[in-house]
Number of protein chains: 2
Amino acid sequence: MVVRPAATTVVKASPPTMSDVARKAGVSTMTVSRALRDGASIASSTREKIMRAVDELGYVLDQSAGSLSSKRTGFVAALVPSLNNSNFADTARGLTDALQGSGLQVLLGYTDYLIEKEEELIESMLRRRPEAIVVTGGRHTARGRKLLENAGIPVIETWDLPPRPVRHVVGFSNAEAAEALVRHLHQKGYRKIGFIGGTSNRDTRGADRRLGYERAMGALGLKDTRIISFGTPPISMKQGGEALTRLLEQWPDVEAAICVSDLSAFGALMECRRRNIAVPERIAIAGFGDFEISSCSYPAITTVSVNCYDIGRRTGELLLRAIEGERARKPIAGETVITDYEVIARESA
Amino acid sequence: MVVRPAATTVVKASPPTMSDVARKAGVSTMTVSRALRDGASIASSTREKIMRAVDELGYVLDQSAGSLSSKRTGFVAALVPSLNNSNFADTARGLTDALQGSGLQVLLGYTDYLIEKEEELIESMLRRRPEAIVVTGGRHTARGRKLLENAGIPVIETWDLPPRPVRHVVGFSNAEAAEALVRHLHQKGYRKIGFIGGTSNRDTRGADRRLGYERAMGALGLKDTRIISFGTPPISMKQGGEALTRLLEQWPDVEAAICVSDLSAFGALMECRRRNIAVPERIAIAGFGDFEISSCSYPAITTVSVNCYDIGRRTGELLLRAIEGERARKPIAGETVITDYEVIARESA
DNA sequence: CGGACCTTTGTTATCGCTAACATAGCAGGT
DNA sequence: ACCTGCTATGTTAGCGATAACAAAGGTCCG
């Protein structure tokens with residue numbers, strides 16, 4: 001066994017801790033802790049001394065230790081169906097932006113449009129003790145819902161207007177938005193309007209849009225609905241193209257197609273170009289979501305803009321207030337923020 | 001002061017802890033801890049008893065406390081330039097998928113293509129004590145690089161082949177991939193080939209692709225390079241369209257345009273359709289990244305497929321081995337995994 | 001010049017869990 | 001009956017930070 005001289009630098013395997021910094025700077029750990037946060041009362045000379053020690057040691061604060069003690073993890077959990085080619089990436093971005101500078105960090109999870117996977121994720125997220133949790137949609141498994149209700153933290157459901165919200169909501173009615181789109185087409189003179197969407201109800205928002213389509217058609221006295229269900233949600237561009245082919249085969253008289261998303265609308269549009277079907281003369285095409293592709297494609301695609309980024313941003317703002325309320329032990333009341341949507345008429349319909 | 005009867009249920013403000021479960025099940029906290037992990041030796045009758053107590057109390061394990069004690073946070077930090085409309089969303093997805101079932105969770109951060117923001121994020125991520133960190137690209141600020149080097153955890157740089165890697169690498173040479181694309185166009189008979197990209201070097205991979213374009217042109221004896229730099233990276237569809245207009249104005253004789261990404265290529269293509277410029281007869285267009293849009297648009301866009309998802313998946317696999325190595329105190333040697341790319345010839349070039 | 005009051009720093013006691021070791025109980029071989 | 005070796009559980013001591021309180025030293029005022 002080697003005898004080590006007392007006050008000498010010893011090789012440390014593990015990264016430096018706050019005590020190491022404190023010893024080096026000749027202060028207590030509490031003073032180091034204060035120096036590393038702002039707002040604490042500390043002499044500037046002491047702070048400088050500590051910062052020097054921090055730099056020399058390459059010390060990095062260990063938040064997991066800090067949050068155990070302070071009971072603030074600085075996490076916010078957010079569950080989205082997917083981030084690939086989807087509106088939710090914009091929402092996640094808006095949420096992240098809104099939380100900039102608040103010291104909160106977003107923990108993202110993908111549910112793949114499955115509420116069973118959502119349930120699993122809710123549980124694993126709660127183990128991280130987030131200070132709030134954001135979910136997409138208002139449909140959950142029974143146990144998922146219970147977990148949310150008992151989590152003891154603010155819960156925000158987004159992208160929908162659930163009939164019985166867990167607590168807070170930031171969203172809009174997908175059904176109403178689809179209705180508005182149907183009315184727009186009707187106003188433009190289209191009567192034989194079809195709908196293209198995925199096969200299952202896995203994508204709740206897609207199902208709501210189809211519902212809105214059916215409702216609006218009924219309200220306008222157009223009782224012949226023409227619905228093509230094709231592909232597992234989220235329905236891709238390519239699937240949108242195939243669905244259009246089927247729509248035309250099944251109802252050759254169809255005058256317009258509403259697609260569950262802009263991506264499938266784009267696929268449908270390209271299929272038309274490929275087959276030399278004039279859009280909107282022979283068939284009009286409309287999408288949903290106002291993806292960049294819709295404004296940029298030729299012809300540009302008529303769609304419903306839903307302010308994805310804004311949903312995220314406003315979720316973040318609500319969440320900050322809600323967390324503030326929890327911290328001050330004055331929980332805020334459940335709020336429902338309804339975001340705008342807007343039919344954007346372009347060349348395709 | 002109210003005297004509370006001893007063994008009676010008392011209203012608890014804070015969520016139940018492991019001790020509460022232990023008391024209820026009549027065991028020690030250690031036994032509860034073991035019951036909640038798999039692989040530990042525990043009698044099934046005891047486990048059931050504990051699980052019942054867990055359910056009744058609605059107990060959720062507190063991982064932040066656990067990781068302080070076990071020194072395993074179960075986090076992996078991943079920094080990507082952006083997730084919106086980008087290849088990186090696929091990479092993030094591949095990474096997440098590869099980590100499924102390993103108990104590791106991805107902590108995502110957006111750098112906005114800025115190495116200064118990356119530096120900031122590296123620091124805030126390290127505070128969470130991730131078990132590994134994944135970054136995009138090989139260019140970092142001096143301090144960012146130092147933080148990575150001293151982090152004491154596996155570091156993986158992706159999407160590039162840095163000349164002097166920090167440790168592990170999973171990527172490909174963007175320059176070479178662009179060269180391959182130039183050669184493809186050359187082989188098809190195109191000689192007056194232009195390049196469309198963003199203005200700054202902010203997007204390192206974009207800059208590399210331009211470099212590859214220049215190198216390949218030189219090697220083929222085509223010394224007249226035609227480069228349009230327009231828009232802050234990442235360059236959008238719309239900007240791709242505008243850039244194409246400029247390209248045609250500045251060099252009316254241009255025969256083909258290579259775009260820094262498929263998104264700008266698509267914008268360029270749509271601009272052509274809008275202006276009735278035949279693609280590829282009058283001008284050929286090629287992109288980069290093999291986004292879904294390229295295979296689906298009409299005409300379909302010639303591009304370089306770079307296996308984005310695979311980069312993420314293989315990063316995840318390497319990372320699991322690296323973390324295993326750290327845990328067993330046998331760090332693995334630095335590895336460089338070179339992923340494939342492939343020129344995909346379609347209709348536009 | 002003494003006390004009120006502020007600023008700056010230190011002390012102590014957790015936070016909720018798990019590693020490491022200790023121990024009890026039991027089976028099986030001799 | 002004794003020892004070996006296993007499984008199932010408990011005990012003790014932290015992990016690295018922060019909350020809450022305590023205390024030291026200075027300023028200011030009547």
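Heavy atoms only: backbone and side chains are in, while hydrogens, waters and symmetry mates are out. Here is the naming used below: chain letters follow the sequence lines, and residue numbers restart at 1 for every chain.
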A.B. asks: Which residue, B/R47 or B/K71, contacts DNA chain D at a nucleotide closer to its 5' end, judged by nearest heavy atom?
C.D. replies: B/R47
A.B. asks: Can you tell me which nucleotide in D/dA8, D/dA19, C/dA20 comes closest to the side chain of A/R37?
C.D. replies: D/dA19
A.B. asks: Report the distance from atom CZ of A/R128 to atom P of C/dC17, rounded to the nearest whole Å.
C.D. replies: 14 Å
A.B. asks: Can you confirm if the NZ or CZ of B/R93 lies within 45° of the ring axis of B/Y309 and under 6.0 Å from the centre of its six-membered ring?
C.D. replies: no
A.B. asks: For B/T46, which contact category applies under a 4.0 Å heavy-atom criterion: base, sugar-phosphate, or nothing?
C.D. replies: sugar-phosphate
A.B. asks: With rounding to the nearest 0.5 angstrom, report the CG to OG1 distance, A/D160 to A/T204.
C.D. replies: 6.5 Å
A.B. asks: Where the side chain of A/V27 is defined as all heavy atoms beyond and including C-beta, which of D/dA17, C/dG10, C/dA19 is the nearest nucleotide?
C.D. replies: C/dG10
A.B. asks: Atom CE of A/M18 to atom P of C/dG10: distance rounded to whole Å?
C.D. replies: 13 Å
A.B. asks: Under 4.0 Å, counting only non-hydrogen atoms across every strand here, what does A/I42 touch: a base, just sugar-phosphate, or nothing?
C.D. replies: sugar-phosphate
A.B. asks: Please classify the nucleic acid contact of A/S28 as base, sugar-phosphate, or nothing, using heavy-atom distances under 4.0 Å.
C.D. replies: base
A.B. asks: With a cut-off of less than 4.0 Å, is there a side-chain N or O of A/S67 near OP1 or OP2 of D/dT18?
C.D. replies: no
A.B. asks: The test is side chain to side chain contact (heavy atoms under 4.5 Å, CB included); show your working for B/V135 and B/T158 and say whether it passes.
C.D. replies: CA-CA 6 Å; B/V135 295; B/T158 62; over 6 Å; no
A.B. asks: Using a 3.5 Å distance criterion without hydrogens, assess whether the side chain of B/T136 forms a donor-acceptor pair with backbone atoms of B/E157.
C.D. replies: no
A.B. asks: Would you kindly give the CZ-to-C1' distance between A/R327 and D/dA19, to the nearest whole Å?
C.D. replies: 15 Å
A.B. asks: Determine the contact category for B/S70: base if any of its heavy atoms lies under 4.0 Å from a base atom, sugar-phosphate if only primed atoms, P, OP1 or OP2 are that close, otherwise nothing.
C.D. replies: sugar-phosphate
A.B. asks: Please report the distance, rounded to the nearest Å, between CG in A/L68 and P in C/dA13.
C.D. replies: 18 Å
A.B. asks: Give a yes-or-no answer on whether the side chains of B/E118 and B/H140 include a donor-acceptor pair shorter than 3.5 Å.
C.D. replies: yes
A.B. asks: Touch check for A/S41, heavy atoms < 4.0 angstrom, all strands: base, sugar-phosphate only, or nothing?
C.D. replies: base
A.B. asks: Could you check which of D/dG16, C/dC17, C/dT9 has an atom nearest any side-chain atom of B/T17?
C.D. replies: C/dC17
A.B. asks: Of all the nucleotides listed (C/dT8, D/dT18, D/dT9), which has the minimum atom distance to the side chain of B/R34?
C.D. replies: D/dT9
A.B. asks: A/I50 CD1 to C/dT8 C1': how many Å, rounded?
C.D. replies: 11 Å
A.B. asks: Can you find a donor-acceptor pair, distance only, under 3.5 Å between B/S69 side chain and C/dT18 base?
C.D. replies: yes
A.B. asks: Here's one to test your reading of the geometry: is the NZ or CZ of A/R129 within 45 degrees of the ring axis of A/F75 and under 6.0 Å from its centre?
C.D. replies: no
A.B. asks: What about A/R129: does its side chain form a donor-acceptor pair under 3.5 Å with the base of C/dG16?
C.D. replies: no
A.B. asks: Among D/dT9, C/dC17, D/dA17, which is the nearest nucleotide to the side chain of A/L61?
C.D. replies: D/dA17
A.B. asks: Rounded to whole Å, how long is the line connecting atom CZ of A/R23 with atom P of C/dG10?
C.D. replies: 14 Å
A.B. asks: Would you please confirm or rule out a distance under 4.0 Å between OP1 or OP2 of C/dG16 and any side-chain N or O of B/Y59?
C.D. replies: no
A.B. asks: Using whole Å, report how far CE of B/M30 lies from P of C/dG16.
C.D. replies: 17 Å
A.B. asks: Quick check for you: among C/dC17, D/dG16, C/dT9, whose closest atom lies nearest to any side-chain atom of A/D62?
C.D. replies: D/dG16
A.B. asks: Rounding to a whole Å, what distance do you find between A/K49:NZ and C/dT9:C1'?
C.D. replies: 10 Å
